[in-house]
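Encoded as structure tokens, the structure appears first; notes follow it.
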Amino acid sequence: MREPWISGFFFAFFLIFSSIVTQPLYFPTANLPTTWTNDESSLRSINFTDGSRIRVILLRTSGLPMFTCGFFCNGTCTSYLFAIIINLFMVVNPQVVPYTNKDSPEVIWSANRDNPVREGAILSLNEAGELVLHDVDGSIVWTTNTNGQSTAGMNLTDKGNLMLFDDHNSMVWQSFDHPTDCLVQGQKLFQGQKLIPSVSSTDWTAQKDLFSLQVTDKGLFAYVESNPPQVYFRKLVNGINPENYVVFLDRSLCFFIFSTRPNYCKSVLDIPPAFPFQFIKLMPDGHLKVFGWDALDGGAIVADLLTGDLGECFYPLACGRNGICSGNQQCSCPRSSSPGTDYFRAVNDSQPNMGCSQVTPITCNATQDQHFIELKHVKYFTYTADMEDVDMETCKQACLGKCSCKAALFEYGSNSSSGNCSLPSELFTMTKLDAHEMRLNSSAFIKVQNVRSSPSFKVHVATVIGSTIGSLVLLIVVIGFTMFIVKKKKTDSETEEEYLDQVPGMPTRFSYEELKTATENFSKKLGEGGFGSVFEGTLEDGSRIAVKCLQGLVNVKKSFLAEVESIGSIHHVNLVRLRGVCAWRSERLLVYEFMSNGSLDQWIYHGDRKPVLGWVRRKKIILDIAKGLAYLHEECRQKIIHLDIKPQNILLDEDFNAKVSDFGLAKLIDRNQSQVMTTMRGTPGYMAPEWLSSIITEKMDVYSFGIVLLEILCGRKNFDSRSQPQDSWHLLCVFQRCWEEGTLLDIVDRSSKDMQVNGAEVMEMMKVASWCLQTDFTKRPSMSSVVKVLEGVMNVESNLDYNFLYPRLQKITDEHEKSSKPVLPSILSGPR
């Protein structure tokens, strides 16, 4: 134990030393504009005995523990987080550059946990009031997205909260609103937010595909992120408001309930008293632990909050996938009752808690060779009945008939002729209990695959002869077909080359080797979809590009020619510029200008998204999209109908200028044509009702624009069955209901305070969306009219039909209200 006077000595020495260094050691605030560069010459460092380091940007030493904000790294320090850490005693030693902390740090928040930056990265608090993190290559890694919100400075509070404040000292942005895997005292976790653990203590990447802790309208839930997610911990709270949250207070994690007793705190989890400062962290193994810090003892684990309710064996990965946990977390694999037959083996013999893998994987087309290993008195960490009041055999047969089913979990009372059946598609740890510990009888039937025995010698010989003859015939057919395909490809390639040479304003022709070099052998993937993959690259002149590699045997040529023909010769500030093409052998590549802020969908949907866009920026994006479409429809030599307008096809440059992209489905129409027949194409949910007749006009794009506009204003997807209650899955249904009830402000994006402040203006913009979403396409505006309305030189049509549900969807909705069965997402998202 340290004596209190030692702590005071260290702290006094720390303050004295601060007067002789170029950068003050106590600097919890910063004013704009300020720029910090991640290198030794610009920032002071705190080096820790575990090999980690933080280059200090802000330091709060007004209490213990002390909070430090800066560029943090561990291990070899080849990559850095912009993070907030807890640290206690800094031992100042001029022989150490410049001072050392003897305790290991704890990261309580980071801005770029999935995108670490390198040496030389720059953090800037700019004149516009945004805090922006640039990597060494200049790319934007993270931003607070607070442009235009009158930011005056930045402050690291004594609670460990990084805040941007305005001239009135009011909060503009705070790190508490963007939790990672920790909650500190006073921090709230709102509905729609998640705590997501890191992969490990040395790998900061968010483990999005495994565990999460989140608030719902029913309480606090911990999930293992399977498909669908499975709950391994729940704390239900009755009578809470959907807008409630949990908050970490001293000694408890509480639900605040707004009722007759304002700020009444209902305890969800109690935390034992131990240390003056505590924080909660969701660990990589799914445990929710409390860590405590004080001036004398440093840090220690105070409590493992969920284990008291669960026990060690009831964590989903206590013994890995397919594992069995018993006693004091003893792990084993399922065993067959037949001696000498092993269907499972340990993933790692020296670490039995890593789980078990099947010796012979399940084959869906060989159900006749499948049977079950029965495990009695086995309890699963969660149980949702897929079938109720059935017998055991019916349960097992249902699993055999469902390819994705990994096991049949059967719970019953005194008689196995009637019970409940669960058919999980992913099987995590099962817990072996004694019979007297079970409230209900429970058995697990794990599906396994038999290996067929070898056939007789005669059958084997006949099979070999038959296979040989069949192979020879097949070889002849394949050779003939190959020769036909090669000849056809040669002819098609020559025809395509002639066509490309005749396209007006044909962009630059790149060689395959040029693009291979520019993209570093296609190593930096930006994204992928049904069309193929997109890679980042840099040309010899230093300009950055995005290279789309089209894939697929059927539509690749059609999509390639459609994009070249559509935008090869047109230029507009709100259309992504096609810089060139490459047609080499079977490869078809399109080279576009690079858009550093990615696609719009990354910025407007709830969940794990980037910083929230403000109202001014959203208005600018909406106007940019409208101008791009107006140009396509009315200002080109041929009218171009895009046919696939959605947020994923709207790209944003470094200044958040929006540009329409992806013309693979576009249709060219002569000016004297008012409509054209075509096959159905596009993305469900954004397709206009008239697709059912296969007659298209430019008003198809107007309808899609209306859907995108609505998503931007509401901050959610058109169809969302994951985060929305069942009666709000479809945004059009919610929009129509709120319009009729006069409650449109309720659906304005609640994650943006700026959007709520400008709610009246946002609702006016919803009138534009209503005009674009008219079921009768003849009543929709042209995109040039939309631009005029957005620029304030024209008014929205007043005589509008606010029934946005076209007959097919209206019929489905009415039937849904009369039935307890949920409507399929494929139906709700519109005609396919």
Side-chain angles (χ1 to χ4, degrees), residues 194-200 206-214 221-234 282-289 304-307 309-335 343-349 351-359 361-362 372-386 395-396 399 402-411 420-433 437-438 440 442-449:
K194 295 180 181 180
L195 293 189
I196 299 176
S198 297
V199 172
S200 68
Q207 194 178 174
K208 296 177 183 176
D209 58 346
L210 208 47
F211 296 109
S212 69
L213 182 76
Q214 53 189 288
F221 288 76
Y223 293 91
V224 57
E225 296 291 337
S226 58
N227 186 20
Q230 299 179 42
V231 177
Y232 70 92
F233 172 83
R234 70 190 68 191
L282 185 60
M283 308 300 291
D285 58 4
H287 289 243
L288 186 65
K289 294 187 177 180
D304 193 346
L305 292 180
L306 309 186
T307 302
D309 288 350
L310 300 178
E312 291 291 348
C313 277
F314 277 90
Y315 284 92
L317 290 178
C319 287
R321 294 175 186 270
N322 304 310
I324 302 172
C325 185
S326 56
N328 187 21
Q329 203 176 348
Q330 298 296 312
C331 298
S332 60
C333 292
R335 301 287 181 188
Y343 290 97
F344 290 89
R345 58 167 167 253
V347 172
N348 187 329
D349 290 328
Q351 293 180 284
N353 63 328
M354 295 293 288
C356 309
S357 61
Q358 287 193 319
V359 175
I362 296 294
F372 295 102
I373 295 177
E374 181 179 2
L375 303 176
K376 293 184 177 179
H377 309 307
V378 169
K379 187 74 174 174
Y380 200 49
F381 67 88
T382 187
Y383 193 89
T384 302
D386 295 299
C395 181
K396 292 163 64 177
C399 185
K402 185 179 180 181
C403 177
S404 63
C405 177
K406 295 296 188 294
L409 308 178
F410 189 68
E411 287 190 351
N420 295 335
C421 175
S422 178
L423 308 172
S425 57
E426 291 186 69
L427 193 61
F428 296 95
T429 296
M430 297 160 285
T431 303
K432 183 75 172 177
L433 300 176
E437 295 180 278
M438 303 289 292
L440 290 172
S442 180
S443 296
F445 300 91
I446 304 174
K447 187 194 292 184
V448 293
Q449 188 82 37

Derivation and outcome, side chain to side chain contact (heavy atoms under 4.5 Å, CB included), residues S226 and F428: CA-CA 10 Å; S226 58; F428 296 95; 3.8 Å; yes
Between Y380 and L427, is the side chain to side chain contact (heavy atoms under 4.5 Å, CB included) condition met? List the steps. CA-CA 9 Å; Y380 200 49; L427 193 61; 4.0 Å; yes
Please walk me through it: do T431 and V378 pass side chain to side chain contact (heavy atoms under 4.5 Å, CB included)? CA-CA 6 Å; T431 303; V378 169; over 6 Å; no
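Scanning all heavy atoms of the two residues, the minimum distance from P334 to M430 falls at CG-CE, 4.5 Å. Across L210 and R321, no two heavy atoms sit closer than the pair CD1-NH2, 4.4 Å. Nearest heavy atom pair, residue F381 against residue V224, reads CZ-CG1, 3.8 Å. The shortest non-hydrogen separation linking T382 to V231 is CB-O, 2.9 Å. Considering all non-hydrogen atoms of both residues, S332 and C356 come closest at O-SG, 3.8 Å. The minimum heavy-atom distance linking G286 with L282 is given by the pair O-CD1, 3.8 Å.
Put simply, the side chain of K447 gets close to the backbone of C405: a donor and an acceptor are under 3.5 Å apart. Although no hydrogens or angles enter the test, the distance criterion places no donor-acceptor pair under 3.5 Å between the side chain of N420 and the main chain of A385. The backbone N or O of S200 lies less than 3.5 Å from no partner atom in the side chain of S198, so there is not a single donor-acceptor pair.
Between the CZ atom in F410 and the SG atom in C399 there is a gap of 13.5 Å [rounded to 0.5 Å]. Taking OG from S442 and OH from Y383, the interatomic distance works out to 7.0 Å, rounded to the nearest 0.5 Å. Residue S212 holds its OG atom at 9.0 Å from CG of L195, rounded to the nearest 0.5 Å. For the atom pair CG of N353 and CD of Q330, the computed distance is 11.0 Å after rounding to the nearest 0.5 Å. Atom CG of D304 is separated from atom CE of M283 by 9.0 Å, given to the nearest 0.5 angstrom. How far CG of D386 is from CG of L423: 4.5 Å, rounded to the nearest 0.5 Å.
Listed by first and then second residue, the salt bridge (Lys or Arg N to Asp or Glu O under 4.0 Å) pairs involving residues 325-335 are R335-D342 (not counting sequence neighbours).
The side chain to side chain contact (heavy atoms under 4.5 Å, CB included) test with S443 is passed by exactly one of K376, H377, K396: K376. A side chain to side chain contact (heavy atoms under 4.5 Å, CB included) with Y343 holds for exactly one of N322, V359, I373; it is I373. When each of Y315, Y232, Y223, F233 is paired with F211, the ring pair (Phe, Tyr, Trp, His ring centres under 6.0 Å) condition holds for Y232 and for no other. Exactly one residue among C331, C319, C313 makes a disulfide (SG to SG under 2.5 Å) with C325. That residue is C313.
Within the 4.5 Å cutoff, side-chain heavy atoms of E312 are placed close to those of T307. Two residues are said to be in side-chain contact when any heavy atoms from C-beta on lie closer than 4.5 Å; E426 and P424 fail this criterion.
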